[in-house]
Amino acid sequence: GMAGAAGPWLLLTVLLGTALTAAEPELRLKPPAEHPVRLFTEPELARYDGRQEGQPIYLAVKGVVFDVTSGKEFYGKGAPYNALVGKDSTRGVAKMSLDPADLTHDLTGLTEEELKSLDDIFNNVYKAKYPIVGYTSRRILKEDGSPNLDFKPEDQPHFNIKDEF
């Protein structure tokens with residue numbers, strides 16, 4: 001019967017990236033949110049700081065790691081915002097600051113206005129322009145290293161999630 005054909009057909013569908021029709025609910029692909037997520041420790045993230053030619057450039061905001069390589073002229077070596085990359089620079093983004101003291105995940109003491117600005121930039125610049133490649137360990141794990149059960153991946157429907165994990 002048809003059962004044997006399901007495997008190759010599913011593979012073909014995945015390769016072609018075609019949307020499956022409602023008539024084939026049993027072949028539905030998992031939504032991207034169920035993709036395994038890549039966890040970045042601080043030293044791992046630091047390797048993607050734009051200094052090495054040919055390496056991708058990563059920047060974390062709110063614990064979400066974005067691949068900003070396509071914005072090399074802003075984030076690459078010697079570029080104006082290079083200080084932000086290779087780390088979680090949430091505070092710097094919120095305050096529009098490149099002060100080394102602000103290049104941290106820490107939001108303590110930020111004003112309502114700065115927090116609103118952070119969300120605007122996070123959604124309208126980073127999520128809109130750059131693919132998500134993973135999350136900081138701080139975002140995925142609790143202080144004691146156990147999984148944070150409240151963790152939810154960001155939805156980013158306009159990107160094809162690459163299987164790099």
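- For the residue pair D144 / S146, a side-chain donor-acceptor distance below 3.5 Å is found, with atom types taken as modelled.
- Considering every non-hydrogen atom in both I132 and Q156, the closest pair reads N-OE1, 3.0 Å.
- With hydrogens and angles disregarded, no donor-acceptor distance shorter than 3.5 Å links the side chain of T90 to the backbone of H105.
- Judged by distance alone, the side chain of N148 and the main-chain N or O of K142 form no donor-acceptor pair under 3.5 Å.
- Y75 OH to S70 OG: the interatomic distance, rounded to the nearest 0.5 Å, is 9.0 Å.
- Salt bridge E154/K127: present, at least one basic N to carboxylate O contact under 4.0 Å.
- Formation of a donor-acceptor pair under 3.5 Å by the R91 side chain with backbone atoms of D106 is found in this model.
- If you look at Y58 and Y48, their ring centroids are closer than 6.0 Å.
- Between the CG atom of L118 and the CE atom of M96 there is a distance of 9.5 Å, given to the nearest 0.5 Å.
- Judged by distance alone, with hydrogens and angles left aside, the side-chain atoms of Q55 form no donor-acceptor pair with the main-chain N or O of Q52 at under 3.5 Å.
- With rounding to the nearest 0.5 Å, the separation of CG in N82 from CD1 in I57 is 7.5 Å.
- Checked against the 6.0 Å centroid threshold, F40 and Y135 do not count as a close aromatic pair.
- A donor-acceptor contact shorter than 3.5 Å is absent between the side chain of S89 and the backbone of G92.
- Counting only distance, with no hydrogens or angles, the side chain of R139 and the backbone of F151 share no donor-acceptor pair below 3.5 Å.
- Put simply, the side chain of N124 gets close to the backbone of D120: a donor and an acceptor are under 3.5 Å apart.
- Ionic pairing of D49 and R51 is present here: one or more N-O contacts between side-chain nitrogen and carboxylate oxygen are shorter than 4.0 angstrom.
- The OG1 atom of T136 sits 7.5 Å away from atom CG of L39, with the distance rounded to the nearest 0.5 Å.
- Ring geometry, Y81 versus F74: the interplanar angle falls under 30°, so the pair is classed parallel (tilted spans 30 to 60°).
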(Q) Before you tell me yes or no, could you show the steps for V133 and R38 under side chain to side chain contact (heavy atoms under 4.5 Å, CB included), namely the whole-Å CA-CA distance, both residues' side-chain angles and the distance that decides it to 0.1 Å? (A) CA-CA 7 Å; V133 287; R38 179 162 171 199; 5.9 Å; no

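- For E42 and R138, the salt-bridge test passes: some basic side-chain N is under 4.0 Å from an acidic carboxylate O.
- In this structure, the side chains of Y126 and I121 come closer than 4.5 Å at one or more pairs of heavy atoms.
- The OG atom of S97 lies 6.5 Å from the CG atom of L103; values are rounded to the nearest 0.5 Å.
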